Amino acid sequence: MSAESGAHLRLALENTSDIITVFDRDGNIIYQSPAIGRILGANPRARIGANIFDSALVHPDDRASKRRFIKSLIASRPGQELKGDFRLRHVDGTYRDIEAIGINMLHDPHLQAVVLSSRDVTKRKIALAALSESEARYALTFNNAPIGIAHNDPKDGRFLLVNQYLCYILGYSQKELLRKRLRDVIGADDVAQNLRAVHDMQSGRINGYHHEQRFVRKDGSTVWVNVRMAPQRDASGKVTYFLITVEDISERKLTDVVMRRQQELEAKTAVLAEQREQLLAINKAKDEFVSLASHQLRTPATSVKQYVGLLMQGYIGPVTPEQQQFLAKAFESNERQLKIINQLLYVARLDAGKVRLEPNECDLSKLLADVVEEQRLTLADQGKEIGLHMPTGPITVPADERLLRMAIENLIDNAGKYSPAGKPITVSLRTGKRQVAIAVRDHGVGIPKELQANLFQKFSRVDNPLSIAAGGSGLGLYWAKKVIHLHHGQLVLVSKPSQGSTFTITLPQAEGTAHVA
Ligand code: ADP
């Protein structure tokens, strides 16, 4: 080596960033470059004469391995390179990661030494550790994100990467899904649109795509999802993969449906409320018409009654027995007509809310005795007996006597109309602690169970062997029940076909009387 090239070599060694250490077969350091000062803060001169096996600067955990490394370096084939890693202590007490490459030059007659180049890789190690940590964190985020994520191959749509949530949404395992293509999980209705979007993204016409649609799960069921796709391109602009996110929106869709149903329902309710208003108005108009018409009918019907009465009594001249018979029939028909007109009027007044109770202390014993007595003759004419059973002494309730009397008369009238001759009728009164019960019992045609519920409706009539002959409007029970309700009482029926019926009125009683027994 010329003096000039020796000087050049020395200059190179002095300035290299690696620590160059030259030592002999026994490990005695012949030369160490000044980089040791930069890397470890040590004085290179102080190290000359020291031994490479001296472990003072080596991290205690790496001492054994470093010794082995140096030993194998000394024992290695001439010219062979060997690599070793260990940590060296800086003068500030911290350690530096060192990557060393040694070459055995002991055979070289000029050098007869081992050359070791030690590089400080601390920063690189830190960077690598940070990189692998951020990769791990990314993988964790990708896998655990609460949204489905996938990478798809732009060539055939195959799933290249899928996260756990996507597998959960679609019901596939990760392995299964990685064998599928995007079109395998798209609902039939959306395949064409999705493929068009993929094509447009590849050609660069659009930069991304999102759509609410259905995906098909492994079990064949569908799930509503919000899909977003974005093409990922390389430097040349070619799509390398599609980044796809999938959000499960089935719950929101369900809420949408429920809310839509609710709105429809509200709209229907509003229509129904309007129709109800209209019906109420029509009903009111009808009630007013019935009331008006009945008023107008009552006057002429009453005149007919008076004129027929005068004829029957012979005021206009003698009447033959045959004429008397015809007049009696006319009188009876007129009576029925008047009764119906009156019932229509009563019901119209009740429905219009015009009936006001005028309650008094009403003695039921007296009232029932009167009513029964009044009906006795009429019923006797029809071949029916009427009996009355009640405790002795007055029994009073707060009631509108006129209306209560009409309701009871109605029941007795019906008992007569709907029982054949020879069957007795019984009226009874029982008292209780808080209420009294008035029962009207007959042994007539009775009423089938299935028809009983409707019996108290307006114009409700039940066909029975006596109903045609009896005639009627179907208003009596409707009116009676309403009047009893106005008294805070009840009107109930117990009946069996061919065995008879019992209609019972219960009324709240004036204080101080006993229980219904
Ligand atoms: P109407 O007797 O004028 O038809 P009601 O309202 O008084 O009207 O009675 C309604 C219907 O109930 C009657 O048509 C009749 O079929 C039935 N009904 C009422 N009372 C009795 C009864 N005591 N026995 C059998 N059926 C009865």
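Along the sequence shown, the residues carry numbers beginning at 1. This one's a predicted model, so the numbers in the text were calculated from it and none came from an experiment.
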Where do [X] and [Y] come nearest, in terms of heavy atoms and distance?
| X | Y | answer |
| --- | --- | --- |
| Gly446 | Ser495 | CA-OG, 3.4 Å |
| Val216 | Gly187 | CG2-CA, 3.8 Å |
| Pro420 | His443 | CD-O, 4.5 Å |
| Ala437 | Thr504 | CB-CG2, 4.0 Å |
| Val319 | Gly314 | CG2-CA, 4.5 Å |
| Leu493 | Ser501 | CD1-CB, 4.0 Å |

If we only count heavy atoms from C-beta on, is the [X] to [Y] side-chain gap below 4.5 Å?
| X | Y | value |
| --- | --- | --- |
| Val227 | Phe215 | yes |
| Ile447 | Leu455 | yes |
| Met229 | His210 | no |
| Leu170 | Leu177 | yes |
| Val239 | Gln232 | no |
| Ile149 | Phe142 | yes |
| Leu350 | Leu486 | yes |
| Pro231 | Gln202 | no |

Check [Y] with [X], please: is the shortest side-chain N to carboxylate O separation under 4.0 Å?
| X | Y | answer |
| --- | --- | --- |
| Glu212 | Lys253 | yes |
| Glu332 | Lys329 | no |
| Lys366 | Asp370 | yes |
| Lys268 | Glu264 | no |
| Asp442 | Lys384 | no |
| Asp200 | Arg205 | yes |
| Lys284 | Asp287 | no |

Keeping [X] on the side-chain end and [Y] on the backbone end, is there a donor-acceptor pair under 3.5 Å?
| X | Y | value |
| --- | --- | --- |
| Arg183 | Gly157 | no |
| Ser460 | Asn454 | yes |
| Asn360 | Cys362 | no |
| Asn334 | Ala301 | yes |
| Glu401 | Leu367 | no |
| Asp234 | Lys238 | yes |
| Gln323 | Thr320 | yes |
| Ser365 | Gly393 | yes |
| Glu176 | Ser173 | yes |

Self-check item: Audit row: Trp224, Glu251, side chain to side chain contact (heavy atoms under 4.5 Å, CB included) steps and yes/no
Solution: CA-CA 8 Å; Trp224 271 100; Glu251 218 165 275; over 6 Å; no
Any chance you could measure [X], atom [atom1], to [Y], atom [atom2], to the nearest 0.5 Å?
| X | Y | atom1 | atom2 | value |
| --- | --- | --- | --- | --- |
| Leu327 | Gln325 | CG | CD | 10.5 Å |
| Gln278 | Gln275 | CD | CD | 6.5 Å |
| Ile126 | Asp97 | CD1 | CG | 7.5 Å |
| Asn414 | Glu409 | CG | CD | 12.0 Å |
| Asp400 | Arg405 | CG | CZ | 12.0 Å |
| Arg261 | Asp256 | CZ | CG | 12.0 Å |

Can you tell me if [atom1] on [X] sees more than 12 non-hydrogen neighbours from other groups inside 6.0 Å?
| X | atom1 | result |
| --- | --- | --- |
| His485 | NE2 | yes |
| His488 | NE2 | no |
| Arg217 | CZ | yes |
| Glu385 | CD | no |
| Glu274 | CD | no |

Self-check item: Worked check of side chain to side chain donor-acceptor pair (under 3.5 Å) between Asp184 and Tyr172
Solution: CA-CA 12 Å; Asp184 298 332; Tyr172 286 108; over 6 Å; no
Under a 3.5 Å cutoff, is there a donor and acceptor pairing between the side chains of [X] and [Y]?
| X | Y | value |
| --- | --- | --- |
| Gln343 | Ser473 | yes |
| Gln213 | Asn194 | yes |
| Asn342 | Lys339 | no |
| Asn163 | Tyr168 | no |

Quiz prompt | Stepwise salt bridge (charged side-chain N to carboxylate O under 4.0 Å, His left out) check, Lys458 with Asp351 | solution = CA-CA 11 Å; Lys458 231 188 269 188; Asp351 284 348; 2.6 Å; yes
Exercise. Go through the steps to decide whether His295 and Leu292 satisfy the test side chain to side chain contact (heavy atoms under 4.5 Å, CB included), and finish with yes or no.
Key: CA-CA 5 Å; His295 267 296; Leu292 195 81; 5.8 Å; no
Quiz prompt | Criterion side-chain contact (heavy atoms from CB on, under 4.5 Å) against Ile395, the qualifying member of Gln509, Met390, Arg430 | solution = Gln509
Sequence neighbours left out, cut at 3.5 Å: what donor-acceptor pairs do the side chains of residues 241-249 make with other protein atoms?
| unit_1 | atom_1 | unit_2 | atom_2 | d |
| --- | --- | --- | --- | --- |
| Asp248 | OD1 | Ser250 | N | 3.0 |
| Asp248 | OD1 | Ser250 | OG | 2.4 |

Quiz item: After noting the C-alpha distance and the side-chain angles of Leu491 and Phe456, does the key distance pass the side chain to side chain contact (heavy atoms under 4.5 Å, CB included) rule?
Solution: CA-CA 10 Å; Leu491 172 55; Phe456 296 91; 3.7 Å; yes
Practice problem: Tell me, with the steps shown, if Val427 and Ile412 meet side chain to side chain contact (heavy atoms under 4.5 Å, CB included). | Solution: CA-CA 8 Å; Val427 177; Ile412 299 177; 3.9 Å; yes
Quiz item: Do the numbers put Lys180 on top of the ring of Phe159, so that NZ or CZ is under 6.0 Å from the six-membered ring centre and no more than 45° off the axis?
Solution: no
